[in-house]
Peer 1: 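Next up is a structure, given as C-alpha cells.
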Number of protein chains: 2
Amino acid sequence: MSKVPTIKEIAKQLKISVSTVSRALHDHPSIGLRTKTRVQELARELGYEPNQTAIFFKQRKTFTIGVILPYLIEDFFAGAISGIEELAMQHKYNVLIGQSQDNVEREIEILTAMKNQRVDGIIVSLSKHTKNLDHFAVLEKYGIPVVFFDRVPASNAYNKVAFNMPQGTHQAITFLMEKGHRRIGIINGPKEMKSSKERTDTYMEVMQKKRLKIDLSLVAYCDLTREGTAEAMESLLSLKQPPTAVLAINDYVALDAIQYCKSKKIKNNKDIFFVSYANLPISGYLESPPMASIEQYPGKQGRKAAEILMQLMDAPEDQQPAPQNILIDGELVEHKR
Amino acid sequence: MSKVPTIKEIAKQLKISVSTVSRALHDHPSIGLRTKTRVQELARELGYEPNQTAIFFKQRKTFTIGVILPYLIEDFFAGAISGIEELAMQHKYNVLIGQSQDNVEREIEILTAMKNQRVDGIIVSLSKHTKNLDHFAVLEKYGIPVVFFDRVPASNAYNKVAFNMPQGTHQAITFLMEKGHRRIGIINGPKEMKSSKERTDTYMEVMQKKRLKIDLSLVAYCDLTREGTAEAMESLLSLKQPPTAVLAINDYVALDAIQYCKSKKIKNNKDIFFVSYANLPISGYLESPPMASIEQYPGKQGRKAAEILMQLMDAPEDQQPAPQNILIDGELVEHKR
DNA sequence: CTGTTAGCGCGTTCAC
DNA sequence: GTGAACGCGCTAACAG
C-alpha cells in the first residue's frame, strides 16, 4: 500500500483545497479550466481512484446488489445470475452472492449479512423450505427493496418474476396433442410445490377445452429423487391404459423416468415420449433425450428481476411503485436425435 | 427506513456517550455491568445493527473478497465458488462475483470495480486470452492480495492453486494400462494451453517408464468445439494402428468424440474406451459415458484458494509470506454402466 | 469506569 | 472561481 492517493493528497501537492479538487474531478462548471486540467493531470499521474467505501458511507449507497439463491451449480440459477450481472454491470452495480443451499437458516444468515453491508437491493430465489417470510420484513426498515424470482412467494404483495407455467404447460400439451397423443401423463414435483398445482390445473384446462375426459390417475407426484421418479413412472405404466407421452417437471426427472422405462424394455421416443422443462445443455449429448423441453430462459428471468430492482432502487424511498408480478414465457424446443 | 438506529441514537436515549455505547456493544472489559446491560438491552429493543459501511470506511477493511472467473455456468467454476463461499462465510467474509466471459477487457473492468470497492482480496481464474498480467499490478499498491486458481499464470511468483495434471494423468494412464491398453490416444485442448503440454509430457513419461515406444501421432489437439473434436478423433482413428483407448481433456470433448465414433459404427466401451477429466454430474444419465473420469474437486480448489487468501489478508501488509503454489490431486472415478 | 475529541475520504453547503 | 467547514457512523486515543 505504498500510498493510496486521496483528494487530500492531490490538494496538498497542488496547494489548493480539497473541495476544489473534488469539483475539478467532477467537471464542476465553476472551476477554472486551468486548475481543472492541473488537477486531472496529477490525478491520472498518481493513479488516483476514488475510495468507494468513503463514497458509499457518505452517500448511503453501496452500488451493490445481493443475490440469494439455493444452488449456483444448477444451470438455471447460474444462467439467472448471468442475466442479473449483465444488468447490474450496465448500471454500475456490483453483485454479492450467497447460496442458501435450500436451508432457511443459511438464507437468514446471508440476508442479515447483506443487510448489514447495506446492499442497495436484494434478489432472492427462496429456499425450498422457506414458508415464512418474516425475515424479509426487516429489509423494509432499512429501505432495501427485494425482488423474488423463480421460487417466489405466493402472495403478490411482493415484487416477483417467475416462469409462466400455464403458458409453458399449454404449449407442451398442445405439442403432444398435435403429435397425436391423447393419453398424456404428468410427473410433478412434490404436491406442496406451487408449480405442481399450476401444471395440473393447466393440464386439466386444456383437456377440458379439447373435450377429452380427465383422468387424474395420469397425474403423478415425485420427490425429485431418482427413486421417487421411478415410483411415479411405475404408477403411470401400471395403469390399465398407460400414457403414450409424459410431461415431466424437469429434464433430470425426465431422464430418470426414461431410464426406468428402459429397464422395463419400454423405448423412449418410440413406445413412449417425454417433454420436460428446463432444457439442460446436456440434451445434445444424450442418445435418448426427451422429445422436447420447455426452455425457461433463466437469463431473461434474472435480467427482468434486476430491471425491476433497479426501478425500485431509483424510486424515492417513500413512494415505491406497486408490486410487479411478472411471468416469463417459456418456449418449446424440440430435440434433434 | 422508518429510522435506522445508530449508536448515537442509543447514546442519546440513555444519556451517555457514544463511545460508551460502542464499548458496551463490544463487551469491552472496562464497562460497568450495569451500563453494559442497559445498552445491550436497548440495542436489541431498537433492533440496532451496526452500519458496516461506516465500519468498513473506518477500519479500511470491507470483509469482502472478489472472485473473477470465466463462466459461472461451467460446473467446475460453480463448484469452486461454493468452496470459496464456504470458507468466506466461516471467516465472516462476503463474496463479490464477476464473470469475465473469457474476455480480457471485462476482466480488467471487473478488477477495477473491485479495487475501487476496496475488496480485501481477490481470487481469479484467468480468462482464456489473458496473457498479460499487468492489470493485476495495481492491486499491490492497494495492498489487495490475489490468489489464482485453475487457470493460473505460468510464473510461480504468484499465489496459485491448480489441478495436479501430472498426478491425474498418471492415474488415468495407469488405469488404462491395467485394463490392458497399450495404444492410448490423447485429445488435448489447443496447443497453447499449459495443460496440453503437461498432459503430453506426463503421457510420455509414463510410456517411457513402462518401456513402451512413444508414438506422437497418438497425441491430437482440438479447439474444444464439437467439430474440432471430431477432426481430432478422425485423425486418431485413421492411424494404421488406431488407439484402443483415448484420454480426453474433458467430459464434453469425450462425449463429442464418442458421438463421432458412433457415427463411424465404433462402439464406446467395446471397440474403444474413453477416460476424461472433470466428472460432470450428467455422466450418470448417459447411456454411453466415458469409462472413467478424473475428478478435479472444484470445491476443494476453491476452498484452498480462499484459505491462502485468508492467510494473505491476515498477514501484515509489509510481510507477506512467499507465494504458494498448490496442486490439488485428482481422483479417478469409474462410471458404472 | 466513562466522556471528549479527532478523524477515516468524500461531497456539499455556505461564504468570500 | 475558490476555500473553509461540516457531517455521514463508528472506533480509538487521550483524558479525567
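Here is the naming used below: chain letters follow the sequence lines, and residue numbers restart at 1 for every chain.
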Peer 1: In whole Å, what is the span from the CD atom of A:E49 to the C1' atom of C:dC10?
Peer 2: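 In whole Å, C:dC10 C1' lies 15 Å from A:E49 CD.
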Peer 1: May I ask you to say what B:F56 touches in the nucleic acid, namely base, sugar-phosphate or nothing, with a heavy-atom cut-off under 4.0 Å?
Peer 2: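 The residue B:F56 makes no contact with any strand.
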Peer 1: Under the ring-ring contact (aromatic ring centres under 6.0 Å, His included) rule, collect the residues that match up with A:Y297, sequence neighbours excluded.
Peer 2: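 A:Y297: no ring-ring contact (aromatic ring centres under 6.0 Å, His included) contacts found.
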Peer 1: Distance from A:N94 atom CG to A:D120 atom CG, nearest 0.5 Å?
Peer 2: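 If I round to the nearest 0.5 Å, the distance is 10.0 Å.
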Peer 1: For D:dC10, is there a stacking contact with B:F57, counting only centres under 5.5 Å and planes under 30°?
Peer 2: no
Peer 1: What do you reckon, is NZ of B:K128 surrounded by more than 12 foreign heavy atoms closer than 6.0 Å?
Peer 2: no
Peer 1: At how many degrees, to 10°, do the end axes of the helix from C:dC1-D:dG16 to C:dC16-D:dG1 meet when each uses five pairs?
Peer 2: 50°
Peer 1: Tell me what A:K58 touches on the nucleic acid: a base, only sugar-phosphate, or nothing, going by heavy atoms under 4.0 Å.
Peer 2: base
Peer 1: In whole angstrom, what separates B:L14's CG from C:dT2's P?
Peer 2: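 In whole Å, C:dT2 P and B:L14 CG are 11 Å from each other.
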Peer 1: Once you round to the nearest 0.5 Å, how far does CD of A:E105 lie from OG1 of A:T130?
Peer 2: 9.0 Å
Peer 1: Any chance you could lay out the side chain to side chain donor-acceptor pair (under 3.5 Å) test for A:T64 and B:Q117, step after step, and finish with the verdict?
Peer 2: CA-CA 10 Å; A:T64 300; B:Q117 173 132 12; 3.3 Å; yes
Peer 1: Decide whether a cation-pi geometry holds between B:K58 and B:F56; the criteria are a distance under 6.0 Å from NZ or CZ to the six-membered ring centre and an angle within 45° of the ring axis.
Peer 2: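 No, cation not above the ring by the 6.0 Å, 45° rule.
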Peer 1: State which of C:dG11, D:dT2, D:dA12 makes the closest approach to the side chain of B:Q59.
Peer 2: D:dA12
Peer 1: When you match B:S19 and B:A54 each to their closest nucleotide on DNA chain D, which lands nearer the 5' end?
Peer 2: B:A54
Peer 1: Given atom NZ of A:K8 and atom P of D:dG3, what is their separation to the nearest angstrom?
Peer 2: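 After rounding, the gap between these two atoms is 16 Å.
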Peer 1: Does A:E85 come within less than 4.0 Å of B:R106, counting only side-chain N to carboxylate O?
Peer 2: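 Judged by the 4.0 Å cut-off on N to carboxylate O distance, A:E85 and B:R106 do form a salt bridge.
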Peer 1: Can you measure B:N116 atom CG to C:dG9 atom P for me and round it to whole angstrom units?
Peer 2: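 Spelled out: CG on B:N116 to P on C:dG9 is 15 Å.
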Peer 1: How many Å lie between CD on A:Q52 and C1' on C:dG11, as a whole number?
Peer 2: 13 Å
Peer 1: State whether A:E307 and A:K304 are salt-bridged, where the test is any N-O pair (Lys NZ or Arg NE/NH1/NH2 against Asp/Glu carboxylate O) under 4.0 Å.
Peer 2: yes
Peer 1: A:F148 and A:F136: ring-ring contact (aromatic ring centres under 6.0 Å, His included), yes or no, with the steps?
Peer 2: CA-CA 11 Å; A:F148 295 92; A:F136 291 98; 5.2 Å; yes
Peer 1: Side chain of B:I7: nearest nucleotide among D:dC8, C:dG3, D:dT11?
Peer 2: D:dT11
Peer 1: Figure out the CZ/P separation between A:F63 and C:dG11, and round it to whole Å.
Peer 2: 12 Å
Peer 1: From the set C:dG9, D:dG3, D:dC10, return the single nucleotide nearest to any side-chain atom of A:N51.
Peer 2: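 Looking only at heavy atoms from C-beta outward on A:N51, the closest nucleotide is C:dG9.
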Peer 1: With distance as the sole criterion, is a donor-acceptor pair present between the side chains of B:S22 and B:S19 under 3.5 Å?
Peer 2: no
Peer 1: OP1 or OP2 of C:dG9 sitting under 4.0 Å from any side-chain N/O of A:Y48?
Peer 2: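 No, because none of the side-chain N or O atoms of A:Y48 sits under 4.0 Å from OP1 or OP2 of C:dG9.
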Peer 1: Which parts of residues 22-38 of chain B get close to DNA chain D, meaning a heavy atom less than 4.0 angstrom away?
Peer 2: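 Heavy-atom contacts with DNA chain D come from B:S22, B:R23, B:H26.
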Peer 1: Round to the nearest Å and state the distance from B:R60 atom CZ to D:dA12 atom P.
Peer 2: 13 Å
Peer 1: Relative to the 5' end of DNA chain C, which residue comes earlier, A:T6 or B:S17, by the nucleotide with the nearest heavy atom?
Peer 2: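 Nearer the 5' end of the strand: B:S17.
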Peer 1: Rounded to whole angstroms, how far apart are CD1 on B:I55 and C1' on C:dG7?
Peer 2: 16 Å
